[in-house]
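Read the structure below first, then the notes.
For the numbers below, each heavy atom of this structure counts, side chains included, while hydrogens, waters and symmetry mates do not.
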Amino acid sequence: MKAVLISLWHYRHFILSSIKAEFAGRFARSKLGALWMILNPLAQATIFAIVLSEVLVTKIPNIDNKSAYAIYLMAGMSAWGLFAEIMTRCTTVFIDYSNTLKKIAFPRLCLPLIVGGSALINHLLLLAAIAVVFLFFGHMPTAAWLILPLGMLLIILFAFGLGIILGLLNVFSRDVGQVMGIVLQLWFWFTPVVYLMDNMPKRFISVLNLNPMTPLVKIYQNALLYGAVPNMADLLVPVLISSGMFIFSFWIFRRASADLVDAL
């Protein structure tokens with residue numbers, strides 16, 4: 001693992017330039033250019049806010065704020081969106097860049113890192129847009145927002161580790177990518193993003209607690225809505241799962257990387 005990390009460090013400029021090139025290609029021939037990176041998430045956050053707080057008027061128990069549910073949903077959606085984007089793109093990244101892998105010699109783990117870096121930038125822009133919408137609601141940032149980088153790190157480690165494993169499996173069996181599209185949809189509804197856990201029947205709560213994404217999403221919801229910092233003891237299991245998945249993915253990748261290009 002140490003050797004892999006050293007090789008990735010040596011190719012850091014390649015990774016950063018690839019992330020930059022990806023965004024440049026996305027907005028090529030666009031007059032507004034990178035401004036769309038802010039306008040799109042801002043529009044998404046605004047739509048959620050208007051529909052949920054003004055039209056559906058959905059409320060959170062014990063909070064006298066009609067925009068509380070919109071804040072709760074946007075917090076959960078932002079956390080889930082980071083996880084889902086990294087997972088989805090890592091699952092197909094080796095296949096998408098198969099021609100590059102065959103022609104250019106570089107550490108193959110650079111590709112998931114490029115995907116993860118791009119997803120992180122998108123996520124930060126979405127959080128910035130959400131913060132603007134929160135200000136219109138009169139929902140001011142609190143010190144609890146400082147816990148968000150920890151939530152990002154845990155989500156990235158978990159998604160990156162699981163995504164690499166599935167990406168390798170997808171090279172050898174293309175059905176994996178198709179199945180994961182369905183699994184992610186089911187996984188979303190087993191994660192308390194749209195609903196509150198307190199509103200669920202007790203027989204389902206134990207199942208939801210087994211979901212590793214549940215505590216990670218709650219970090220965002222507690223920080224952005226309630227202004228609460230999670231108990232460090234409650235983060236022990238998410239930290240172990242995320243770091244364990246990340247390290248395990250390196251071990252799997254090392255064993256499968258020799259046959260990767262041949263399988264492509």
Side-chain angles (χ1 to χ4, degrees), residues 58 60-63 68-69 71-92 112 115-116 119-120 123 144 147-170 173 175-253:
T58 309
I60 299 287
N62 303 320
I63 298 184
Y69 180 72
I71 296 171
Y72 175 87
L73 179 61
M74 284 189 285
M77 289 290 290
S78 63
W80 176 263
L82 176 61
F83 168 74
E85 182 176 358
I86 295 176
M87 270 283 300
T88 302
R89 295 196 60 191
C90 281
T91 301
T92 61
V115 166
L120 178 59
H123 181 67
I147 200 66
L148 291 182
L150 176 60
M152 292 180 207
L153 176 61
L154 295 178
I155 292 174
I156 290 171
L157 290 178
F158 180 60
F160 189 81
L162 187 56
I164 288 177
I165 295 172
L166 293 173
L168 292 171
L169 292 175
N170 196 34
S173 177
D175 294 331
V176 173
Q178 303 299 325
V179 171
M180 277 311 300
I182 301 173
V183 171
L184 274 178
Q185 294 183 48
L186 294 174
W187 198 339
F188 174 80
W189 290 106
F190 275 94
T191 306
V193 174
V194 178
Y195 54 84
L196 280 75
M197 287 188 64
D198 295 339
N199 295 339
M200 296 297 292
K202 291 184 178 180
R203 65 181 182 274
F204 292 127
I205 293 180
S206 58
V207 177
L208 296 178
N209 285 328
L210 294 176
N211 180 358
M213 279 302 296
T214 295
L216 300 181
V217 168
K218 287 177 68 176
I219 292 175
Y220 276 67
Q221 293 166 337
N222 289 335
L224 296 180
L225 176 59
Y226 300 103
V229 176
N231 189 325
M232 291 298 108
D234 295 335
L235 292 179
L236 178 60
V237 173
V239 168
L240 291 176
I241 292 176
S242 297
S243 57
M245 183 64 70
F246 181 73
I247 295 172
F248 181 65
S249 68
F250 275 80
W251 181 79
I252 290 291
F253 183 83

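For the side-chain contact (heavy atoms from CB on, under 4.5 Å) test with T92, the passing option among L166, N170, V115 is N170; the others fail.
The structure places CD1 of I241 at 8.0 Å from CG of L216, a figure rounded to the nearest 0.5 Å. Residue M213 holds its CE atom at 10.5 Å from CG of L162, rounded to the nearest 0.5 Å. One distance of note links CG of L240 with CE of M245; it measures 12.5 Å at 0.5 Å rounding. Distance check: T91 OG1 to L169 CG gives 9.5 Å after rounding to the nearest 0.5 Å. Taking CG of L73 as the reference point, atom CG of L196 lies at 10.5 Å (rounded to 0.5 Å). The OG1 atom of T214 sits 10.5 Å away from the CZ atom of F190 when rounded to the nearest 0.5 Å.
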Might you work through the side-chain contact (heavy atoms from CB on, under 4.5 Å) test for F250 and I164, ending with a clear yes or no?
CA-CA 8 Å; F250 275 80; I164 288 177; 5.6 Å; no
As a quick check of understanding, evaluate side-chain contact (heavy atoms from CB on, under 4.5 Å) for L184 and W80, giving each step before the final call.
CA-CA 10 Å; L184 274 178; W80 176 263; 4.1 Å; yes
Chi angles and distances behind the side-chain contact (heavy atoms from CB on, under 4.5 Å) call for W251, I165
CA-CA 10 Å; W251 181 79; I165 295 172; over 6 Å; no
Walk me through it: do M197 and N209 pass the test side-chain contact (heavy atoms from CB on, under 4.5 Å)?
CA-CA 9 Å; M197 287 188 64; N209 285 328; 3.3 Å; yes
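Among all heavy-atom pairs drawn from F160 and I86, the shortest one is N-CG2, 3.9 Å. Between A144 and A228, the closest heavy-atom pair is CB-N, 3.7 Å. Minimum heavy-atom separation, P230 to L235: CG-CD1, 4.0 Å. Contact detail for V217 and G76: the closest heavy-atom pair is CG1-CA, 3.9 Å. In terms of heavy-atom proximity, P112 sits nearest to C90 at CB-SG, 4.0 Å. Between A75 and L224, the shortest heavy-atom distance links the atoms CB-CD1, 3.4 Å.
Residues forming a side-chain hydrogen bond (donor to acceptor under 3.5 Å, both in side chains) with N211 (at least two apart in sequence, or on another chain): W187, T191.
A donor-acceptor pair is defined here as one N or O able to donate and one able to accept, closer than 3.5 Å; no such pair exists between the side chain of H123 and the backbone of G81. In this structure, the side chain of Q221 engages the main chain of P192 through a donor-acceptor pair within 3.5 Å.
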Distance-only check: which donor-acceptor pairs under 3.5 Å involve side-chain atoms of residues 149-157, not counting sequence neighbours?
none

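The aromatic ring centres of F158 and F246 sit 6.0 Å or more apart.
Atom OH of Y195 has more than 12 neighbouring heavy atoms from other residues, nucleotides or ligands inside a 6.0 Å radius.
Two residues are said to be in side-chain contact when any heavy atoms from C-beta on lie closer than 4.5 Å; Y220 and M77 fail this criterion.
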